[in-house]
Amino acid sequence: MTPKPPIAIIGGGPCGLTFARLLERAGIDYIVFERDASPNTTTRFQGGTLDLTVEGGQAALKLAGLSTEFEKLARRDATTILMQDSQGQNRISAGEGNDRPEIDRLQLRRLLLDSIPAHRVRWNKALGSVERAVKNGNGPTSASASASAADWILRFTDGSSETGFRLIVGSDGAWSKVRQLITPAKPQYSGKMFIEGRISQENPQYGAALDMVGAGNSIAMGAGLALCIQQMSDRSYRVYMGVEKPETFIQSGGEADVHDMFKARATMNKLYAGWAPHLRAFVAEAEGPWRPWPLYRLDQDLFLPGALRDEETGEKLWTRTPGVAVLGDAAHVTTPNGEGVNHAMMDALVLFEHIASELAGVGGNVHDAAALERAIVAYEAHMRPRAYESIMDSLNFENVMYKEDGAQRMMKMFGQEQ
């Protein structure tokens, strides 16, 4: 029988696959569990285009030996962002020529998948729960009482289970099951959401998008509304209609329930009726299927220094659970601020570097639980301050984007004023 890999990675998005690639290159054994049915088919929207920073995504890809492959896909002509208010005024461009090239999320995922052997990923493995193994007739105990990652059973929704790992890495997104071993905190709805549509090259508004946005991005802001447009690698556009509304707005029977496109489109056209004609035309012509993106975040105070406890219950809000680590949205989900994937890939990079350093001191023994735990502690000390800053930054970004004078405020944030 093939020995069980010591490291389990839950989630095969850019974050988990970056970590997997780094382990692969270092010759460290691992396995990825991914909920998608296969590498080629998915019923889930994978998001739009991502800009990778030098210190974030690009640094991770460089250590992963993938810079050359990345440059073949990177769109360095797509760094410009056009900002304007809801009337098309206070209009200015920023970001031209900066070192934040764009790449489609799906392209990045494929790049990373192609860099690791196919047998390293187990598909159709959605994690349902993580449970403490029963020993000596005793039932499950608290996460903090767990001696190691080997004490946890990964139970998947297909009925299968896995256990006996030395390290469990949760890169399983905003609603991470792995995070529940570390903190009871759950993401809270921000009060804002995006509704995503498309502008194909056959769309009557395509020429207008090409003229206004070009190869880059655009953001228009008004009181309680935003409109983001970005070009993809196939030269089509994604349209993101940002609104401040309760979650019920997009739920079944809601005013913008996308299962009733006629009703949803009428609702959105009405919301943007006071906007400039050239902007509201993108809303009117945005192609379906529309995809709602309600935006959630963890409380920033969760990442303040010290051992945090609930003031009323005394319960710990963040506990070191031996042999368990979380990356990306699983660790610090927040609303979009342009840095999400970069922080996630940096998480993978930092955790890997600490693991490699610790293993070097124990003769490369990846089964050394103490060495792995030291690596996780060092990683969290690096990750937590970044998480706090990222969530605070996203809050500032939200507070600007949905204000009546948001365009002017955004220009100041970018250091651009008319």
Q. Do Asp299 and Gln188 pass the side chain to side chain donor-acceptor pair (under 3.5 Å) test, and can you show the C-alpha distance, the side-chain angles, and the key distance before you say yes or no?
A. CA-CA 8 Å; Asp299 188 331; Gln188 301 299 310; over 6 Å; no
Within the 4.5 Å heavy-atom criterion, are [X] and [Y] side-chain neighbours or not?
X      : Y      : result
Val130 : Ile153 : no
Phe194 : Pro336 : yes
Glu69  : Leu73  : no
Asn90  : Gln84  : no
His332 : Val326 : no
Leu327 : Val169 : yes
Leu210 : Gln231 : yes
Leu154 : Ile10  : yes

Rounded to the nearest 0.5 Å, how far apart are [atom1] of [X] and [atom2] of [Y]?
X      : Y      : atom1 : atom2 : result
Arg109 : Asp114 : CZ    : CG    : 11.5 Å
Thr319 : Ile182 : OG1   : CD1   : 9.0 Å
Ile31  : Arg122 : CD1   : CZ    : 4.5 Å
Met232 : Arg238 : CE    : CZ    : 4.0 Å
Leu50  : Met345 : CG    : CE    : 9.0 Å
Glu96  : Leu82  : CD    : CG    : 12.0 Å

Under 3.5 Å, is there a donor on one side chain and an acceptor on the other for [X] and [Y]?
X      : Y      : result
His278 : Gln205 : no
Asp257 : Gln251 : no
Ser38  : Asn40  : no
Tyr206 : Glu285 : no
Glu102 : Thr79  : no
Tyr402 : Glu244 : no

Backbone N or O of [Y] within a donor-acceptor pair of the [X] side chain at under 3.5 Å?
X      : Y      : value
Ser218 : Ile229 : no
Arg35  : Trp123 : no
Gln58  : Leu52  : yes
Thr18  : Pro14  : yes
Ser190 : Lys192 : yes
Gln230 : Thr49  : yes
Asp85  : Ala407 : no
Arg21  : Leu112 : no
Arg280 : Trp275 : yes
Tyr237 : Gly214 : yes

Q: Start with the C-alpha distance between Arg166 and Glu373, add both sets of side-chain angles, then the distance that settles salt bridge (charged side-chain N to carboxylate O under 4.0 Å, His left out), and finish with yes or no.
A: CA-CA 10 Å; Arg166 293 295 177 268; Glu373 185 59 19; over 6 Å; no
Salt bridge present between [X] and [Y] (N-O < 4.0 angstrom):
X      : Y      : result
Lys125 : Glu34  : no
Asp104 : Arg75  : yes
Arg120 : Asp29  : yes
Arg386 : Asp347 : yes
Glu71  : Arg76  : yes
Arg198 : Glu196 : yes
Arg155 : Glu162 : no

Shortest non-hydrogen separation from [X] to [Y] and the atoms involved:
X      : Y      : value
Arg179 : Asp329 : NH1-O, 3.4 Å
Pro187 : Val333 : CG-CG1, 3.8 Å
Ser171 : Gly11  : OG-O, 3.0 Å
Cys15  : Ala344 : SG-O, 3.4 Å
Ile376 : Ala325 : CG2-CB, 4.0 Å
Met346 : Gly56  : CE-CA, 4.0 Å

Q: Walk me through it: do Phe33 and Leu127 pass the test side-chain contact (heavy atoms from CB on, under 4.5 Å)?
A: CA-CA 8 Å; Phe33 297 97; Leu127 185 64; over 6 Å; no
Q. Can Gln107 and Ser233 be said to form a side-chain contact (heavy atoms from CB on, under 4.5 Å), step by step?
A. CA-CA 9 Å; Gln107 289 181 314; Ser233 62; 3.5 Å; yes
**Q.** Steps toward side chain to side chain donor-acceptor pair (under 3.5 Å) verdict (Glu287, Ser200)
**A.** CA-CA 8 Å; Glu287 301 162 27; Ser200 68; 2.8 Å; yes
Q) Do Phe19 and Phe352 make the cut of ring centroids closer than 6.0 angstrom? A) no
(Q) Is it the case that the ring center of Trp175 lies less than 6.0 angstrom away from the ring center of Tyr296? (A)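 Ring-ring flag for Tyr296/Trp175: true, centres closer than 6.0 Å.
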Q. Is the CD atom of Glu404 crowded by more than 12 outside heavy atoms at less than 6.0 Å?
A.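 Not buried by this count: 12 neighbours or fewer within 6.0 Å.
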Q: Decide yes or no on side-chain contact (heavy atoms from CB on, under 4.5 Å) for Glu131 and Trp152, but give the supporting numbers first.
A: CA-CA 6 Å; Glu131 299 174 7; Trp152 296 101; 5.6 Å; no
**Q.** Option among Arg297, Lys403, Arg409 that satisfies the salt bridge (Lys or Arg N to Asp or Glu O under 4.0 Å) test with Glu398
**A.**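 For Glu398, the salt bridge (Lys or Arg N to Asp or Glu O under 4.0 Å) test succeeds with only one of Arg297, Lys403, Arg409, which is Arg297.
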Q: From the options Thr334, Asn399, Asn337, select the one residue that forms a side-chain hydrogen bond (donor to acceptor under 3.5 Å, both in side chains) with Ser394.
A: Thr334
Q: Might you work through the ring pair (Phe, Tyr, Trp, His ring centres under 6.0 Å) test for Phe303 and Trp318, ending with a clear yes or no?
A: CA-CA 8 Å; Phe303 300 97; Trp318 189 281; 5.6 Å; yes
